Amino acid sequence: MLIYNTLTKRKEEFIPINPPKVTMYMCGPTVYDYFHIGNARSFIMADIVRRYLQFKGFQVKLVINITDVDDKIIKKSNDEKKPAEEIAGFYSQAFFEDLERLKVKPADFYPKATLHLAEMIEVIKELESKGIAYNIDGNVFYDVSKFDTYGKLSGKNLDELEAGARVDVNEKKKNPLDFSLWKRAKEGEMCWDSPWGIGRPGWHIECSAMSTKHLGRSIDIHAGGNDLIFPHHENEIAQSEAAFEQKFVRYWMHFGFLNIQNEKMSKSLGNFFTARDVQQKYSAEAIRLFFAQTNYGGPLNFSDELLGAAQKGTEKIINFAERLEEEITKESSGNFYPNFDVKKFFGEFEKVMDDDFNTPQAVALIFDFIRSANKIISENDNIQKEFYLELKSFLKKTAEDILGIVHLDELKKPPMFFLENDLINLLINIRENLKKEKNYTMADLIRNKLHEMGIILQDSKTGTTFKRK
RNA sequence: GGCGCUGUACCCAAGCGGCUUAAGGGGAAGGUCUGCAAAACCUUUAUUCGUCGGUUCGAAUCCGACCGGCGCCUCCA
């Protein structure tokens with residue numbers, strides 16, 4: 001299979017270091033606020049990548065870090081007059097809750113920065129001993145001029161960056177591009193002891209330290225949003241490769257932004273919706289379908305209209321799944337097995353997903369599948385149960401297990417109380433008789449009233465069925 | 001200024017040299033079924049892929065120029 005590698009700007013054959021093991025690291029949240037629906041795009045797409053790799057037989061170990069020491073957390077802590085630990089704890093919890101609601105499978109491990117001070121200090125010491133880091137008054141900086149290939153990920157070179165001049169010529173750094181490894185403590189901030197005095201770690205060092213500790217010095221996949229390419233990931237490479245003298249990451253994957261009216265959704269611009277709020281209005285499946293319908297790397301606009309379209313799309317899948325379920329749970333089975341090549345759809349699905357996780361085509365294929373299957377079901381009435389089971393199996397493996405755009409077990413909402421089904425069936429029977437007497441006014445009244453209550457009746461040749469909204 | 005992404009139907013979006021005289025979703029219109037709905041299915045909705053040139057037997061796909069939109073270069077998925 002192929003993966004687009006930001007480092008080489010090409011799709012490359014995916015060959016992990018120790019197959020079938022795959023190590024995957026993703027830059028997680030800084031826990032100072034709820035994450036927004038743009039952040040959700042990255043987490044969901046990484047989730048799909050991970051699930052697909054598992055489907056392909058890889059044993060994926062996924063690590064997502066939690067940044068719980070950072071300027072913004074400190075600021076919020078000061079603003080709200082609460083301890084930084086409390087802020088971080090609260091929003092980490094919210095992070096996990098939101099991911100769960102988005103049906104994102106938990107990572108294997110969520111390391112916290114504040115629990116890895118020793119590891120970070122070790123890396124900084126290593127860099128210092130190699131003459132790559134320098135200490136000025138308890139602030140330790142990384143000397144980018146000491147790392148030959150600095151800029152290789154983001155396609156920048158040092159001269160241009162310096163000429164760019166948007167970088168603050170700050171403090172006593174040798175070079176404006178040098179970045180903080182260790183920051184000297186200011187009054188009232190969270191801080192730790194270190195060989196350079198009391199202070200706290202810079203942002204980039206945590207990912208180098210934690211990915212190394214939990215996944216090893218070389219990892220297969222490192223993922224994150226586009227905005228992390230520079231400087232964050234560039235700096236991670238500089239730190240890890242200078243310290244450990246081996247290739248840090250084989251495949252760099254980056255996710256495109258979610259835009260609002262063609263502008264990047266971001267906290268600083270204030271044009272964001274939290275994932276939480278969006279989930280109030282749209283199902284996790286709809287949100288996932290919305291993201292899966294476009295390639296992960298490019299920009300994508302967010303709007304109510306587009307989410308609504310995706311929600312409709314999921315309903316189409318659900319209607320199909322319910323139709324299958326109905327046939328499967330029937331007592332009787334026909335004896336006709338249609339000539340319908342489910343394997344071919346499977347092969348196509350795998351083929352497009354193998355090509356750098358082409359989820360839009362995978363989704364298109366699922367809709368093709370549904371249309372073809374619906375047609376066959378409508379045209380034949382003596383179909384074997386095994387056929388429905390095979391259709392269901394395809395839907396489960398592709399749409400549920402890999403993409404997470406439908407969840408078959410959740411289709412049947414539980415009755416509100418145990419008599420409910422019986423009562424509805426009673427009404428359906430009464431209505432059947434009314435229809436026979438051509439008393440359509442009353443029949444429609446029953447249907448409309450039930451609809452208002454969230455019960456949808458559907459007539460067909462074989463009788464009336466109902467479902468809940 | 002540097003680097004990168006992007007421009008395909010009413011909206012979203014895939015395709016990235018011949019399998020495509022351009023997938024899929026949403027919307028709209030017509031039809032089948034139905035007492036009517038709903039669901040489902042069928043048909044229609046881009047002779048054309050920002051513009052202009054070039055390469056090629058062949059281009060939405062490659063090259064060049066131009067015109068738009070966006071991002072990164074500063075914390076941000």
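Just so we're clear, the structure is a prediction, and the values are computed from it rather than from any experiment. Numbers restart at 1 for each chain; the letters A, B, ... are given by sequence-line order, proteins then strands.
- Contact check, N374(A) against A39(B): no side-chain N or O comes under 4.0 Å of OP1 or OP2.
- In this structure, K397(A) is not positioned above the aromatic face of F346(A) in the sense of NZ or CZ being under 6.0 Å from the six-membered ring centre and within 45° of the axis.
- Distance from the side chain of Q458(A) is smallest for A38(B) among the nucleotides G26(B), A38(B), G71(B).
- The residue from N358(A), D354(A), V363(A), T398(A) that alone fulfils the side-chain contact (heavy atoms from CB on, under 4.5 Å) condition with F349(A) is T398(A).
- Between A14(B) and T294(A), a contact under 4.0 Å exists linking OP1 or OP2 to a side-chain N or O.
- Nucleotide A38(B): unpaired (no Watson-Crick or G-U wobble partner with both distances less than 3.5 Å).
- Along RNA chain B, the nucleotide closest to K351(A) and the one closest to S460(A) are compared, and the more 5′ of them pairs with K351(A).
- Atom CG of N301(A) and atom C1' of U6(B) are 12 Å apart (whole Å).
- Note on K316(A): a side-chain N or O is less than 4.0 Å away from OP1 or OP2 of G25(B).
- Taking only distance into account, the side chain of K72(A) meets the base of C75(B) through a donor-acceptor pair shorter than 3.5 Å.
- Rounded to a whole Å, the NZ atom of K156(A) is 10 Å from the C1' atom of G71(B).
- As rounded to whole Å, 17 Å separates atom P of A40(B) from atom CD of E325(A).
- Both tests pass for K264(A) against the ring of F257(A): distance under 6.0 Å to the centre and angle within 45° of the axis.
- For Y142(A) and Y150(A), the ring centers are positioned 6.0 Å apart or more.
- Residue-level contact check: L258(A) touches the bases, meaning some heavy atom is under 4.0 Å from a base atom.
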